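Please read these numbers as outputs of a predicted model, since none were measured by experiment.
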Amino acid sequence: MSSEDAGFSVALEEARQGSREGGVPIGAVLVSAEGKLLGQGHNMRIQKGSATLHAEISALENAGRLPASTYRGATMYTTLSPCDMCTGACVMYRVSRVVIGENKTFVGGEEYLKSRGIEVIVLQNKECQELMAKFIKEKPEDWYEDIGEEDE
């Protein structure tokens, strides 16, 4: 698994789109076991004034209603380590694998995912790190709000 993987490439483009829109630059893509793109999205909390529209939730929402069996063997690609809410969604739907662009900026529920039998792969992609560093420098209050913490 590498940063050139097709699913990850789409997630990274979603993160770039979020950045262009002035939002939190995190993208996510759900891909079936057969390699079919099921849903993609990016963090839209700022753009839509949403409390919950993180990238992974956006990808799941855009995938639409799917039978439970579709998630088995599926991979969630996300450009940043998933928060507790997004971790919970991956666990609830029994996604088989979570591929993370980077976890230097933020470490979410990776250990919980692993404890529930979900494979976790971290790519440490430089562009993901750069997108997040730029956003946090420019909009620290929006970043801390996004992860449910007070501005430091």
Side-chain angles (χ1 to χ4, degrees), residues 1-21 23-48 50-136 142-143 146-149:
M1 188 86 29
S2 74
S3 294
E4 285 78 42
D5 187 79
F8 180 73
S9 295
V10 175
L12 184 53
E13 182 51 42
E14 285 286 339
R16 292 178 189 130
Q17 179 63 31
S19 180
R20 287 190 293 271
E21 293 171 359
V24 184
I26 304 169
V29 174
L30 182 66
V31 176
S32 74
E34 298 76 32
K36 179 183 177 194
L37 192 147
L38 300 171
Q40 67 189 72
H42 53 276
N43 186 305
M44 297 284 289
R45 290 190 71 248
I46 292 171
Q47 299 92 313
K48 294 201 173 192
S50 171
T52 60
L53 207 47
H54 283 193
E56 299 87 341
I57 303 304
S58 180
L60 288 165
E61 179 69 19
N62 290 329
R65 216 172 134 196
L66 299 169
S69 61
T70 303
Y71 299 100
R72 308 309 184 265
T75 299
M76 177 67 78
Y77 293 88
T78 180
T79 59
L80 184 67
S81 184
C83 72
D84 289 342
M85 174 178 66
C86 297
T87 293
C90 289
V91 169
M92 184 176 104
Y93 289 110
R94 296 182 178 95
V95 170
S96 294
R97 179 183 311 109
V98 176
V99 177
I100 299 167
E102 69 105 344
N103 67 358
K104 299 284 188 199
T105 303
F106 175 83
V107 177
E110 294 173 35
E111 290 306 315
Y112 184 61
L113 289 168
K114 291 174 188 176
S115 77
R116 296 298 299 263
I118 296 172
E119 180 183 9
V120 174
I121 299 168
V122 182
L123 302 175
Q124 297 306 9
N125 178 274
K126 186 177 178 183
E127 185 177 354
C128 291
Q129 293 171 9
E130 291 168 351
L131 282 167
M132 290 307 304
K134 180 179 185 285
F135 179 80
I136 293 168
D142 289 333
W143 167 244
D146 194 67
I147 59 173
E149 293 184 10

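Residues forming a salt bridge (charged side-chain N to carboxylate O under 4.0 Å, His left out) with Glu119 (at least two apart in sequence, or on another chain): Arg97. For Lys48, the side chain to side chain donor-acceptor pair (under 3.5 Å) criterion is met by no residue, not counting sequence neighbours. Here Ser96 pairs with nothing under the side chain to side chain donor-acceptor pair (under 3.5 Å) rule; sequence neighbours left out. In terms of the side chain to side chain donor-acceptor pair (under 3.5 Å) criterion, Thr79 has no residue partners (sequence neighbours excluded).
Rounding to the nearest 0.5 Å gives a distance of 11.0 Å between OG1 of Thr78 and CG of Leu12. Once rounded to the nearest 0.5 Å, the distance linking CZ of Arg94 with OG of Ser69 reads 12.0 Å. Note that NZ of Lys134 is 12.5 Å distant from CD1 of Ile136, once rounded to the nearest 0.5 Å. A distance of 9.5 Å separates CG in Leu38 from CG in Leu60, rounded to the nearest 0.5 Å. Atoms NE2 and CG, on His42 and Leu53 in that order, are 8.5 Å from each other to the nearest 0.5 Å.
Legend: salt bridge (Lys or Arg N to Asp or Glu O under 4.0 Å) pairs involving residues 59-88, not counting sequence neighbours: none detected. The salt bridge (Lys or Arg N to Asp or Glu O under 4.0 Å) pairs that include a residue from residues 6-18 are Glu13-Arg16, Glu13-Arg20, Arg16-Glu127, where partners are two or more places apart or lie in different chains.
Counting only heavy atoms from C-beta outward, the side chains of Tyr71 and Leu66 approach each other to under 4.5 Å. Side-chain contact between Tyr93 and Leu30: absent, with no pair of heavy atoms (C-beta onward) separated by less than 4.5 Å. For the pair Val24 and Met44, the minimum side-chain heavy-atom distance is 4.5 Å or more.
Across Asn43 and His54, no two heavy atoms sit closer than the pair ND2-CD2, 3.7 Å. The heavy-atom pair separating Val95 from Ile118 by the smallest distance is O-CG1, 3.2 Å. In plain terms, the two heavy atoms of Ala11 and Val29 that are nearest each other are N-CG2, 3.4 Å. When all heavy atoms are compared, the tightest approach of Met76 to Glu56 is CE-O, 3.9 Å. The minimum heavy-atom distance linking Thr87 with Pro82 is given by the pair OG1-O, 3.2 Å. Taking all atoms of both residues into account, the shortest heavy-atom contact from Gly101 to Cys128 is CA-SG, 4.0 Å.
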Apply side chain to side chain contact (heavy atoms under 4.5 Å, CB included) to residues Asp5 and Val99 and explain how you reach the verdict. CA-CA 10 Å; Asp5 187 79; Val99 177; over 6 Å; no
Criterion side chain to side chain contact (heavy atoms under 4.5 Å, CB included) on Cys90 and Leu113, from CA distance to verdict: CA-CA 8 Å; Cys90 289; Leu113 289 168; 4.0 Å; yes
May I have the step-by-step check of side chain to side chain contact (heavy atoms under 4.5 Å, CB included) for Ile26 and Met132, ending in yes or no? CA-CA 8 Å; Ile26 304 169; Met132 290 307 304; 3.8 Å; yes
Test side chain to side chain contact (heavy atoms under 4.5 Å, CB included) applied to Glu110 and Ser81, step by step: CA-CA 7 Å; Glu110 294 173 35; Ser81 184; 2.6 Å; yes
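At least one donor-acceptor pair under 3.5 Å links the side chain of Asn62 to the backbone N or O of Gln40. The main-chain N or O of Lys104 is found under 3.5 Å from a side-chain atom of Glu102 such that the two form a donor-acceptor pair. Proximity of a side-chain donor or acceptor of Asp146 to a complementary backbone N or O of Asp142 within less than 3.5 Å is not detected.
Other residues, nucleotides and ligands place more than 12 heavy atoms under 6.0 Å from the CZ atom of Phe106.
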